[in-house]
Amino acid sequence: QVQLQESGGGSVQAGGSLRLSCAVPLVGYSNYCMAWFRQAPGKEREAVATIDRDGSTRYTDSVKGRFTISRDNAKNFLYLEMNSLKPEDTAMYSCAAAFRWPCTMVPGAFGHWGQGTQVTVSS
């Protein structure tokens, strides 16, 4: 198991933007399904977005059109650009890696996780 490292979280007002980054120290990173998950207090963990080895992306409905997941395979980094943030986006955001394809939004499929970075959006 390898721990990933998120950064870029913080506090913003509604309508603002944040860009989360995730360092992924995994050999063969380009082969991994990558995902961002989030968990708000009192709520279940949910997959926000995934990106496959071929660059294909999926998003949960609530963030479509506002969030963009991307990856830099040469640098072993994963990103999540978050725009038009809403208070309901407030959560702990974690990145995760799964050595499988196609990608999945099932948390149990991911063997490598980061510790999370907090995103707080105020109205």
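Computation of the quantities below employed the complete heavy-atom set of this structure, encompassing side-chain atoms and omitting hydrogens, waters and symmetry-equivalent molecules.
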Indicate the atoms forming the closest heavy-atom contact of [X] with [Y], along with that distance.
X      : Y      : result
Leu80  : Ala49  : CD1-CB, 4.4 Å
Leu4   : His112 : CD1-O, 3.8 Å
Cys33  : Arg100 : CB-O, 3.5 Å
Ala109 : Thr104 : CB-CG2, 3.5 Å
Ala97  : Leu26  : CB-CD1, 3.7 Å

> With a 4.5 Å heavy-atom cut-off, do Ile69 and Leu78 have their side chains touching?
Replying inline: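 Yes. Closest side-chain heavy atoms under 4.5 Å.
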> With sequence neighbours left out, which residue pairs that include part of residues 43-55 fulfil the salt bridge (Lys or Arg N to Asp or Glu O under 4.0 Å) condition?
Replying inline: Arg38-Glu46
Nearest 0.5 Å please: distance from the [atom1] atom of [X] over to the [atom2] atom of [Y].
X     : Y      : atom1 : atom2 : value
Glu81 : Leu20  : CD    : CG    : 9.0 Å
Asp89 : Ser84  : CG    : OG    : 9.5 Å
Ile51 : Cys103 : CD1   : SG    : 8.0 Å
Lys64 : Thr57  : NZ    : OG1   : 10.0 Å

Sequence-distant partners of [X], side chain to side chain donor-acceptor pair (under 3.5 Å), two or more places apart:
X     : value
Asp72 : none
Asn31 : none
Arg19 : none
Ser17 : Asn83

> Other than Tyr79, what residues sit in its cluster of Ile, Leu, Val, Met, Phe, Trp and Tyr side chains whose heavy atoms are under 4.5 Å apart, directly or through others?
Replying inline: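 The other cluster members (ILVMFWY side chains, heavy atoms under 4.5 Å, direct or chained) are Phe77.
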> In the hydrophobic clustering (ILVMFWY, side-chain contacts below 4.5 Å, transitive), which residues join Trp113, or is it alone?
Replying inline: Phe37, Phe110
> Does Tyr59 reach the main-chain N or O of Gly65 with its side chain, forming a donor-acceptor pair under 3.5 Å?
Replying inline: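 No; judged by distance alone, with no hydrogens or angles, the pair does not exist.
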>> Is it the case that atom CZ in Arg58 sees more than 12 heavy atoms from other parts of the structure closer than 6.0 Å?
In response: no
> Residues in side chain to side chain contact (heavy atoms under 4.5 Å, CB included) with Glu88, at least two apart?
Replying inline: Lys86
>> Under the side chain to side chain donor-acceptor pair (under 3.5 Å) definition, can you give me all pairs with a residue in residues 20-30, not counting sequence neighbours?
In response: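 Sorted result for residues 20-30: empty, none.
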>> Tell me every residue that passes ring-ring contact (aromatic ring centres under 6.0 Å, His included) with Tyr93, counting only those two or more places apart in sequence or in another chain.
In response: none
> Going by the disulfide (SG to SG under 2.5 Å) test, which pairs reach into residues 54-100, not counting sequence neighbours?
Replying inline: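 Non-adjacent pairs meeting disulfide (SG to SG under 2.5 Å): Cys22-Cys95.
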Side-chain polar contacts of residues 114-123 - donor-acceptor pairs under 3.5 angstrom, sequence neighbours left out - could you list them?
from	atom 1	to	atom 2	distance (Å)
Gln115	OE1	Gln5	NE2	3.4
Gln115	NE2	Glu6	OE1	3.4
Thr117	OG1	Gly9	N	3.2
Gln118	NE2	Ala91	O	3.4
Gln118	NE2	Thr120	OG1	3.4

